[in-house]
Amino acid sequence: MTESSLPTAALTAIAALLAVLAALLLAGRAARAAGMGARPGKRLAVEETLALDGRRRLTLLRCEGRHLLLLTGGAQEVVVGWLPPDPAAPAPGAPPR
């Protein structure tokens, strides 16, 4: 490359990077507007996952304000149990503090 083409190449690379970032930003906003983003009133969510070994995992699910502990990855999936509600947690549907 010659000395005069180096600034031109750098400006072209920067402009291309900005165009790609703008396209990603617009695509993300369009996806959220179409309802593809997180829903505020969703009833089921994975709260946490813990790998016990190479195959087995403990998964904590939240379902309508209650928590369920699952053991997956073995010969069969096992429902360990429903966890008692946390007294410090706000009630489902309560406004945030």
Side-chain angles (χ1 to χ4, degrees):
M1 264 191 205
T2 63
E3 286 184 29
S4 62
S5 67
L6 188 59
T8 304
L11 287 175
T12 303
I14 291 171
L17 177 63
L18 290 175
V20 168
L21 291 175
L24 286 172
L25 179 67
L26 289 174
R29 287 191 179 193
R32 266 187 248 113
M36 296 167 93
R39 298 182 325 248
K42 63 183 179 178
R43 297 171 41 193
L44 182 65
V46 175
E47 292 283 319
E48 197 171 334
T49 301
L50 175 67
L52 298 176
D53 55 31
R55 291 181 47 190
R56 296 179 303 152
R57 295 180 178 275
L58 274 175
T59 303
L60 181 63
L61 299 174
R62 181 181 44 80
C63 180
E64 295 186 352
R66 296 179 61 198
H67 289 91
L68 176 68
L69 191 60
L70 297 175
L71 177 64
T72 60
Q76 63 184 14
E77 280 68 30
V78 178
V79 175
V80 177
W82 289 93
L83 300 179
D86 183 10
R97 296 181 197 177

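Quick note: numbers below take in every heavy atom, side chains included, and nothing from hydrogens, waters or symmetry partners.
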Nearest 0.5 Å, what's the [atom1]-[atom2] distance between [X] and [Y]?
X	Y	atom1	atom2	result
Leu21	Leu24	CG	CG	6.5 Å
Leu52	Thr72	CG	OG1	8.5 Å
Glu47	Leu69	CD	CG	12.0 Å

So do [Y] and [X] actually touch side chain to side chain, heavy atoms under 4.5 Å?
X	Y	value
Leu6	Thr8	no
Leu58	Leu70	no
Leu71	Val79	no

Q.
Determine whether a donor-acceptor pair (N or O, by modelled atom type, separation under 3.5 Å) exists between the side chain of Arg55 and the backbone of Gly73.
A. yes
In short, Arg57 meets Ala51 closest at the heavy-atom pair NH1-CB, 3.8 Å
For His67 and Leu60 the tightest heavy-atom approach is CB-CD1, 3.8 Å
With side chain to side chain contact (heavy atoms under 4.5 Å, CB included) as the criterion, how do Cys63 and Leu44 come out once you've worked through the C-alpha distance, each side chain's angles and the decisive distance to 0.1 Å? CA-CA 5 Å; Cys63 180; Leu44 182 65; 4.1 Å; yes
If you count every heavy atom of other residues, nucleotides or ligands that lies below 6.0 Å from Glu48 atom CD, does the total exceed 12? no
For Arg62, does the CZ atom have more than 12 heavy-atom neighbours from other residues, nucleotides or ligands under 6.0 Å away?
yes
Path from Val46 to Trp82 over hydrophobic side-chain contacts below 4.5 Å: yes
